[in-house]
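Both ligands and their constituent atoms are indexed starting at 1 by order of listing.
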Amino acid sequence: MTVGLDHRKLYRLPWTLPDNSIAWLEPTMKCNLACEGCYRANVNQHKPLDEVAKELDVFQRYRNVDGISIAGGEPLTYPHVVDLVRMVAARGWKPVLNTNGLLLNEELTRDLKKAGLAGFTFHIDSKQGRPKWKNKTEREHNALRLHYAEMVARVGGLSCAFNSTVFEDTLDEVPDMVAWAQEHIDIVHVMVFICYRAAVLEGDFDYYVGGDRLDMTDLAYAYSVPEHRTDIRAPDVVEKIREREPDFAPCAYLNGTEKPDSFKWLLTTRIGTKDRIYGYHGAKMAELAQTLHHLRHGKYLAYAHPRVLRRGRSMLWLWPFDSGIRRTAARAVRDPRVLVRRLYQQSIMIIQPVDIFADGRQNMCDGCPDVTVFEGRLVWSCRLEECLHFGAFASTAPKARPGSHPANRDN
Ligand code: SF4
């Protein structure tokens with residue numbers, strides 16, 4: 001258990017390998033940026049559309065999902081991106097583009113919406129080396145975030161999410177991004193913070209497939225000695241946000257495969273206006289949202305439609321079921337402005353990728369929402385490079401140290 005966050009009091013998101021909210025599709029390996037912390041090599045190579053269709057067949061066969069994240073590489077470099085969105089939507093999934101936005105304009109946004117797009121997740125942070133945005137802070141990047149949020153809002157009916165990799169020197173700016181998201185709670189639906197991770201080559205572990213020790217140096221996420229801390233965890237991000245918003249209260253989580261009380265995906269949903277957050281969903285509300293969606297649609301919810309997120313006031317009627325909503329409603333009824341103003345819901349997700357414990361165990365996200373396809377099977381997209389290089393995931397073993405048995409060390 002982490003101080004201030006008890007996983008037993010949160011809702012364990014019901015996502016599993018065969019039944020999940022999303023899956024991750026990579027139609028291209030090409031990208032027009034080189035972000036720090038990216039998991040994928042940048043190769044000028046697109047998959048033919050029929051090959052991508054076969055990957056969708058694999059999802060259809062093995063995994064019940066609500067949304068498909070179309071990623072890469074940069075998916076807007078993919079020449080058939082509009083057709084692909086249409087193809088995903090035709091199979092009854094919500095297509096969501098995970099893009100850096102560089103190639104996006106309003107006309108393309110409209111075309112994508114017409115093809116069935118459900119929304120965008122824009123990756124925008126200060127370590128992407130974007131032309132004209134070099135050496136700018138996360139706070140300054142909020143102007144760029146707003147540019148995309150307003151473009152998506154003008155087109156309308158699309159979900160708008162932003163993700164940002166968190167490094168030790170940008171952790172302090174997370175509260176600024178959270179505050180910015182509140183200022184634009186009417187058009188920004190989700191903020192995602194992803195803790196930076198890298199495979200460290202000159203660290204405590206050797207890497208193996210079978211009995212063979214691997215040379216990992218060519219992998220996009222391998223560094224002899226990384227420039228950044230690789231141990232920022234979701235609770236560190238929560239602690240940082242609480243310095244500004246002491247009430248900040250996650251409601252649901254996804255555990256690690258090795259550590260039940262690790263927060264690999266940590267969800268917070270708040271209700272408020274641009275001026276004031278009245279409160280947060282509690283665990284029961286998160287459970288209701290996922291369970292009712294599964295009962296009604298046969299799958300777990302991904303990317304709620306903006307018109308649902310605008311109904312913050314109606315959500316307050318669910319107060320008998322959820323302590324978080326009760327607290328929120330109690331605050332809201334004391335404020336007469338709520339009678340004339342719309343209340344919005346907005347989610348903040350914190351993702352903590354692989355942790356490696358002292359004995360070499362790898363703590364992955366249980367059920368892995370971002371699973372992708374490799375040779376007809378489902379694999380963790382954050383470590384696809386290992387499959388491409390070695391045909392399998394690398395296992396980790398502690399480097400031998402005299403007098404110490406790894407099993408005796410703490411996680
Ligand atoms: S295991 Fe890797 S790919 Fe899967 S959700 Fe976690 S970080 Fe993403």
Side-chain angles (χ1 to χ4, degrees), residues 7 12-26 29 35-41 55 58-59 62-73 75 96 98 121 123 125 161 163-167 190 192-200 207 216 219-222 226 228 230-237 252-267 300-303 347-357 361-374 377-389 392-396:
H7 71 290
R12 196 282 188 188
L13 289 161
W15 307 336
T16 59
L17 190 57
D19 197 357
N20 213 301
S21 59
I22 48 173
W24 184 271
L25 185 72
E26 296 194 0
M29 292 172 77
C35 310
E36 285 188 49
C38 183
Y39 298 138
R40 301 291 280 112
E55 295 193 359
V58 175
F59 289 140
Y62 290 122
R63 188 152 159 129
N64 193 30
V65 289
D66 194 23
I68 299 282
S69 301
I70 303 175
V96 173
N98 283 42
T121 297
H123 177 198
D125 68 45
N163 77 36
S164 174
T165 311
V166 179
F167 301 84
V190 185
V192 183
F193 297 106
I194 305 169
C195 304
Y196 172 77
R197 283 294 181 277
V200 185
Y207 300 84
M216 297 262 290
L219 265 58
Y221 43 80
H228 305 287
T230 56
D231 62 348
I232 295 175
R233 298 169 312 134
D236 300 327
V237 181
Y253 76 106
L254 196 61
N255 58 287
T257 49
E258 296 292 330
K259 196 168 184 291
D261 62 347
S262 51
F263 300 103
K264 306 302 286 185
W265 286 52
L266 186 61
L267 175 68
Y300 292 117
L301 173 65
Y303 297 94
S347 292
I348 295 169
M349 183 70 91
I350 303 168
I351 300 177
Q352 175 185 314
V354 57
D355 305 303
I356 304 180
F357 297 147
R361 280 176 300 143
Q362 300 168 349
N363 192 37
M364 303 297 291
C365 310
D366 200 4
C368 180
D370 288 340
V371 94
T372 194
V373 175
F374 171 71
R377 60 196 161 90
L378 300 178
V379 297
W380 305 309
S381 58
C382 63
R383 295 177 55 188
L384 181 61
E385 291 282 314
E386 291 159 47
C387 297
L388 293 170
H389 279 75
F393 291 120
S395 55
T396 30

Tell me whether Trp24 reaches ligand 1 (any heavy atom closer than 4.0 angstrom to a ligand atom). no
salt_bridge(Asp355, Arg197) N-O dist < 4.0 Å: yes
Could you check whether Ser21 and Asp66, counting side-chain N and O atoms only, form a donor-acceptor pair closer than 3.5 Å? no
Considering only heavy atoms of Met364, which atoms of ligand 1 have at least one such atom less than 4.0 Å away? 1 (S)
At a 4.0 Å threshold, what atoms of ligand 1 neighbour a non-hydrogen atom of Trp265? 5 (S)
Under 2.8 Å from atom 6 (Fe) of ligand 1, can any N, O or S atom of Cys368 be found? no
heavy-atom search around atom 7 (S) of ligand 1 in the protein gives Cys382 SG, 3.7 Å
Atoms in ligand 1 flagged as close to Ser381, the criterion being non-hydrogen separation under 4.0 Å: 3 (S)
Looking at Arg63 and Pro18, would you say the former's side chain and the latter's main chain have a donor-acceptor pair under 3.5 Å? no
Could you tell me whether Arg12 and Asp366 have a side-chain N and a carboxylate O separated by less than 4.0 Å? yes
For Trp380 and Phe393: C-alpha separation, side-chain torsions, deciding distance, then whether ring-ring contact (aromatic ring centres under 6.0 Å, His included) applies. CA-CA 9 Å; Trp380 305 309; Phe393 291 120; 4.3 Å; yes
Between the side chains of Thr165 and Glu36, does any donor sit under 3.5 Å from an acceptor? no
Number the atoms of ligand 1 from 1 as they appear, then name those within less than 4.0 Å of a heavy atom of Cys365, with their elements. 1 (S), 5 (S), 6 (Fe), 7 (S)
